[in-house]
Amino acid sequence: MDIDQLRADTPAVAQLIHFNNAGAALMPTPVIDAVTRHIQLEARLGGYEAAGQQSQEVENVYTAIARLINARTDEIAVIENATRAWDMAFYSLPLRPGDVVLTSSTEYAGNYIPYLQLKQQRGIEIRVIPNDEHGQVSLTALKALLDDQRVALISLPVIATNGGPVQPVEQVGALARAAGVLFLLDACQAVGQMPIDVQKIGCHMLTATSRKYLRGPRGMGFLYVERALCQSLEPAFLDLHAASLQSAEQFTIRTDARRFENWECNVAAKLGLGAAVHYALAQGIEPMWQRIQHLGEYLRLRLAEIRGVTPRDLGAQKSGIVTFTHDQRSAAQVQQWLAGQETRINVSISTFRSTLLDMQQRDLLEVSRASLHAYNTEAEIDTLIAALRRLPTI
Ligand SMILES: Cc1ncc(COP(=O)(O)O)c(C=O)c1O
């Protein structure tokens, strides 16, 4: 990879060290340009007129996303964030009383809350797939759980918001297909970070966001729904983009995945997402994944050298999201200390509120999270380590 070029495309790296890519990564110049160009076009022409002029570019966003995850263009819906994309898929599923949803202990609270809501409203059951010795879902346990005919859905994140294991999603997908069970995959932290191929994984639905590892603008995300499934899922919400009114009594719903979208959207951000996908594809997802994993391993090794710091990541395969605790300082104190360095260092905090099951199992309330992208460097990691070593202890 041409790291110098990656960094040249990322203006902010001259001023700060950004290790909050799992929160929102720094946008590269082509993304910033795509967004600002469109805002300027809107200012010059009018919003609808600008969208009209860019209609082919907007279509190209779908083609690019489809290419990124090896899907078809008509299987992609562009939705304002990963959560709403996920909701649109989940709440369209015809789940009935007694139906079982299987998830992992690494599930994101934003997804777990809807399970609980449907447990309360419709009487579905939630079961958490036990973990294996590496902390990732146990495929043996999953196989056994799938013997229950009431299992209607497997739904889990590829990579949790607080890092941890990269789940064995291809094996989960194969088990789901063999059992005839739907598989909804939250690839929010995975898309842009690692290769994601919906054909290989065999998931029926997948969600992702723009602003994290894809490096797109905020307020954008997307949903993939397999073509064979799409028309049998009736979106929980409809509007005049997703459906058309045929008479005072009748409407028809679009047949493609855009039935999960709504009409009004931030066209500049959508084009920015498209630019981000093109940028990621041009860098090569596999080399980026190799580099991110390498940087993650390097940071974990260096963290382990610091007295009082405990790396917290589990998993046979780990990602670029690196978490740790400090035995004398809270995650907020660590964050504040790093932000106050001569060269500001951005890290974030992951609390039990976003991954309750996992944090409870590991008896953790919070962790510091340093999430690395391919444009980060070993030198930046060394600066972080030096700053952590200087952190005043009690
Ligand atoms: C695993 C996971 N799923 C879903 C989301 C939600 O994404 P969004 O904020 O784009 O809705 C996040 C955000 O942190 C996440 O980490």
Side-chain angles (χ1 to χ4, degrees), residues 66 68-72 74-76 85-86 88-108 111-112 114-115 118-119 122-160 164-191 194-208 223-234 257 260 314-317 357-358:
L68 179 71
I69 61 168
N70 194 20
R72 300 186 184 93
D74 64 353
E75 294 174 318
I76 305 298
W86 190 95
M88 289 305 290
F90 178 71
Y91 285 104
S92 338
L93 298 171
L95 295 173
R96 292 174 310 229
D99 280 351
V100 173
V101 173
L102 299 181
T103 188
S104 71
S105 63
T106 57
E107 184 56 293
Y108 182 62
N111 301 345
Y112 196 84
Y115 304 149
L118 285 207
K119 182 177 173 176
R122 294 194 210 161
I124 67 162
E125 251 183 61
I126 310 162
R127 288 198 197 144
V128 180
I129 309 160
N131 290 331
D132 67 11
E133 68 278 19
H134 304 294
Q136 64 195 33
V137 291
S138 157
L139 297 168
T140 319
L142 173 58
K143 220 171 178 172
L145 284 164
L146 284 169
D147 283 343
D148 187 338
Q149 297 299 308
R150 294 179 309 145
V151 176
L153 177 71
I154 302 173
S155 171
L156 43 82
V158 187
I159 300 170
V166 179
Q167 298 288 6
V169 288
E170 283 184 28
Q171 291 92 323
V172 172
L175 289 173
R177 293 270 165 179
V181 165
L182 291 177
F183 182 19
L184 166 58
L185 191 59
D186 173 349
C188 195
Q189 296 290 2
V191 168
M194 61 183 286
I196 290 290
D197 179 327
V198 293
Q199 310 294 332
K200 270 197 194 154
I201 296 171
C203 54
H204 299 88
M205 298 154 284
L206 174 145
T207 53
L223 167 67
Y224 153 81
V225 180
E226 186 188 44
R227 185 189 274 172
L229 177 70
C230 197
Q231 287 180 46
S232 64
L233 291 187
E234 185 167 329
F260 297 99
L314 304 174
Q317 188 174 30
L357 306 186
D358 170 61

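Computed from heavy atoms alone, side chains included, the values below leave out hydrogens, waters and symmetry copies.
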Under 4.0 Å between a side-chain nitrogen and a carboxylate oxygen: does that hold for D148 and R150?
yes
Does some side-chain heavy atom of [Y] sit less than 4.5 Å from a side-chain heavy atom of [X]?
| X | Y | answer |
| --- | --- | --- |
| M194 | V166 | yes |
| D99 | P94 | no |
| L185 | L156 | yes |
| V198 | E226 | no |
| V137 | L142 | no |

Measure across [X] and [Y] and return the closest heavy-atom pair with its distance rounded to 0.1 Å.
| X | Y | result |
| --- | --- | --- |
| A208 | A187 | CB-O, 4.1 Å |
| C230 | F260 | SG-CE1, 4.1 Å |
| Y91 | P114 | OH-CB, 3.1 Å |
| V181 | L146 | CG2-CD2, 3.9 Å |
| I124 | R96 | CG2-O, 3.7 Å |
| I76 | A71 | CD1-CB, 4.1 Å |

Atom [atom1] in [X], atom [atom2] in [Y]: separation rounded to 0.5 Å?
| X | Y | atom1 | atom2 | result |
| --- | --- | --- | --- | --- |
| L153 | L182 | CG | CG | 6.5 Å |
| M205 | L93 | CE | CG | 5.0 Å |
| L184 | N111 | CG | CG | 7.5 Å |
| N70 | I196 | CG | CD1 | 11.5 Å |
| L102 | F183 | CG | CZ | 11.0 Å |
| R177 | I201 | CZ | CD1 | 11.0 Å |

Check step by step if ring pair (Phe, Tyr, Trp, His ring centres under 6.0 Å) holds for W86 and Y115.
CA-CA 12 Å; W86 190 95; Y115 304 149; 5.7 Å; yes
Can a donor-acceptor pair be found, under 3.5 Å and without considering hydrogens, that links the side chain of [X] to the backbone of [Y]?
| X | Y | result |
| --- | --- | --- |
| Q136 | P168 | no |
| Q189 | A160 | no |
| R122 | L95 | yes |
| E107 | L357 | no |

Would N131 and S105 count as having a side-chain donor-acceptor pair, cut-off 3.5 Å?
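Result is yes, a qualifying pair exists.
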